[in-house]
A.B. asks: 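Got a structure here, written out as structure tokens. Questions coming.
Worth saying up front: this structure is predicted, and the values here are computed from it rather than measured. Sequence positions, counted from 1, serve as the residue numbers for this chain.
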Amino acid sequence: MPLAIAFRIEAFDTLASTQGEVRARLERGEDVDGLVVRAGVQTQGRGRRGRSWTSATGGSYQTLAVRDPEPPLLGRGGSAVAVAVGLAETFGTYGLRLGIKWPNDLVYRGRKLGGILTEYLRGHLLVGVGVNVANEPPEGATSLRGWDPEGVSGAVLAGIQHGLDSWLEDAEALPARFRPFDVLAERAVSIDAGGRRVSGIARGIDGDGCLLLAPSEAQRDGAGGNGAVAVCSGRVVRGRAVNPKWITL
């Protein structure tokens with residue numbers, strides 16, 4: 001079921017938040033289906049769980065609203081992961097090898113390149129994507145220095161559409177499509193899941209986009225049991241290659 005998205009792009013020099021702008025219009029009852037709001041600078045850029053997102057001049061910052069053709073189809077779990085896979089596959093056609101750090105980070109050469117924020121509101125999916133391009137990236141992050149920010153924004157829109165269309169066509173294929181880009185695969189990770197710490201060996205995702213954590217050897221020897229745990233929402237607070245040492249992701 002491909003989405004017939006008629007993009008309507010509105011660009012602003014400065015906004016508090018592209019996600020906030022689209023959300024406010026939707027809540028006012030405006031027709032936002034296909035609306036794309038872009039900003040050269042965001043003064044109050046938003047990440048997941050209300051965290052701030054640094055949005056300096058030269059980056060690609062935009063939010064797309066899509067009306068759900070069959071509510072709550074687009075409101076199922078896994079939308080951010082589906083978009084991330086669509087972006088990684090699309091940028092791969094330009095020769096750019098991206099990774100995905102569950103649940104919503106785009107990674108390039110081991111460093112964070114961008115982030116994704118999805119929200120389901122009033123029968124619409126809002127997809128916000130920020131990518132570091134010509135801006136000075138935050139400490140520890142990276143950018144697509146030398147790329148054209150407008151061209152990157154266009155590629156991002158294509159990637160969002162591709163990710164959502166592929167997800168709607170075959171949601172069960174998402175775990176297999178995610179696997180080649182999974183930067184956490186086979187790492188021992190610790191997840192902050194709403195104040196609850198969950199640890200284990202990352203073993204990909206399930207069909208709902210939840211991270212699968214298998215018990216470590218120490219957990220199996222203790223009281224952890226042998227079954228994998230599905231974590232559907234959370235933040236990776238640390239991770240390590242199973243051998244040899246802890247690293248920051």
Side-chain angles (χ1 to χ4, degrees), residues 17 19 44-54 75-85 87-88 98-121 126-130 132 137-142 167 171 174-249:
S17 161
Q19 196 88 356
Q44 299 175 33
R46 295 174 53 207
R48 293 179 67 248
R49 300 190 174 188
R51 289 189 292 270
S52 62
W53 170 264
T54 302
R76 298 171 298 161
S79 61
V81 175
V83 168
V85 172
L87 291 170
L98 296 185
I100 302 171
K101 178 185 168 187
W102 182 92
N104 69 326
D105 285 348
L106 300 174
V107 177
Y108 180 53
R109 295 180 176 175
R111 293 174 177 261
K112 182 172 178 176
L113 177 69
I116 299 160
L117 174 63
T118 60
E119 296 180 283
Y120 191 76
L121 179 67
L126 309 187
V127 182
V129 179
N132 299 317
E139 183 178 357
T142 191
W167 182 46
L174 185 60
R177 292 175 53 230
F178 175 80
R179 193 171 300 121
F181 308 106
D182 183 6
V183 302
L184 296 180
E186 298 305 319
R187 292 182 180 274
V189 298
S190 184
I191 309 292
D192 177 0
R196 178 175 62 100
R197 188 64 61 89
V198 184
S199 301
I201 309 299
R203 293 282 166 80
I205 61 171
D206 65 15
D208 294 319
C210 301
L211 182 67
L212 297 176
L213 294 181
S216 66
E217 183 175 348
Q219 290 170 322
R220 289 195 299 270
D221 291 341
N226 294 317
V229 174
V231 181
C232 298
S233 178
R235 178 175 64 93
V236 179
V237 292
R238 65 177 180 175
R240 68 174 174 88
V242 175
N243 186 25
K245 64 180 182 178
W246 287 96
I247 62 170
T248 300
L249 291 171

A.B. asks: Given Asn132 and Thr142, is the side-chain contact (heavy atoms from CB on, under 4.5 Å) satisfied, shown in steps?
C.D. replies: CA-CA 7 Å; Asn132 299 317; Thr142 191; over 6 Å; no
A.B. asks: Return the minimal non-hydrogen interatomic distance between Ala193 and Val231, and the atom names on each side.
C.D. replies: CB-CG1, 4.2 Å
A.B. asks: Roughly how far, to the nearest 0.5 Å, is CD1 of Ile191 from OG of Ser199?
C.D. replies: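 Between Ser199 OG and Ile191 CD1, I get 8.0 Å after rounding to 0.5 Å.
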A.B. asks: List the steps, then state whether side-chain contact (heavy atoms from CB on, under 4.5 Å) holds for Asp182 with Trp102.
C.D. replies: CA-CA 8 Å; Asp182 183 6; Trp102 182 92; 5.6 Å; no
A.B. asks: Output the distance between atom CZ (Arg235) and atom NZ (Lys101), rounded to the nearest 0.5 Å.
C.D. replies: 8.5 Å
A.B. asks: CD1 of Ile201 to CZ of Arg187: how many Å apart, nearest 0.5 Å?
C.D. replies: 11.0 Å
A.B. asks: Could you tell me which non-hydrogen atom of Ala230 sits nearest to which non-hydrogen atom of Asp206, and how far apart they are?
C.D. replies: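 Answer, listing the atom of Ala230 first, then Asp206: CB-OD2, 4.0 Å.
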A.B. asks: Could you give the distance from CG (Leu117) to OG (Ser79), rounded to the nearest 0.5 Å?
C.D. replies: 9.5 Å
A.B. asks: Grab the two heavy atoms, one from Leu211 and one from Ala202, that are nearest each other, plus how far apart they are.
C.D. replies: CD1-CB, 4.4 Å
A.B. asks: Could you walk me through whether Ile116 and Leu87 pass the side-chain contact (heavy atoms from CB on, under 4.5 Å) check?
C.D. replies: CA-CA 10 Å; Ile116 299 160; Leu87 291 170; 3.8 Å; yes
A.B. asks: What residues form a side chain to side chain contact (heavy atoms under 4.5 Å, CB included) with Ala171, not counting sequence neighbours?
C.D. replies: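 Residues passing side chain to side chain contact (heavy atoms under 4.5 Å, CB included) with Ala171: Arg76, Trp167.
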A.B. asks: To the nearest 0.5 angstrom, please state how far the CD1 atom of Ile100 sits from the CG atom of Leu106.
C.D. replies: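 Output value for this atom pair is 7.0 Å.
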A.B. asks: Looking at Pro175 and Gly207, what are the two nearest heavy atoms and their distance?
C.D. replies: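 What the structure gives for the nearest pair is CG-N, 3.9 Å.
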A.B. asks: Write down the atom of Arg111, the atom of Ala141, and the distance for their closest heavy-atom approach.
C.D. replies: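 Where Arg111 meets Ala141 most closely, the heavy atoms are CD-O, 3.8 Å.
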A.B. asks: Taking all non-hydrogen atoms of both residues into account, name the closest pair between Leu174 and Gly78 and its distance.
C.D. replies: CD2-O, 4.2 Å
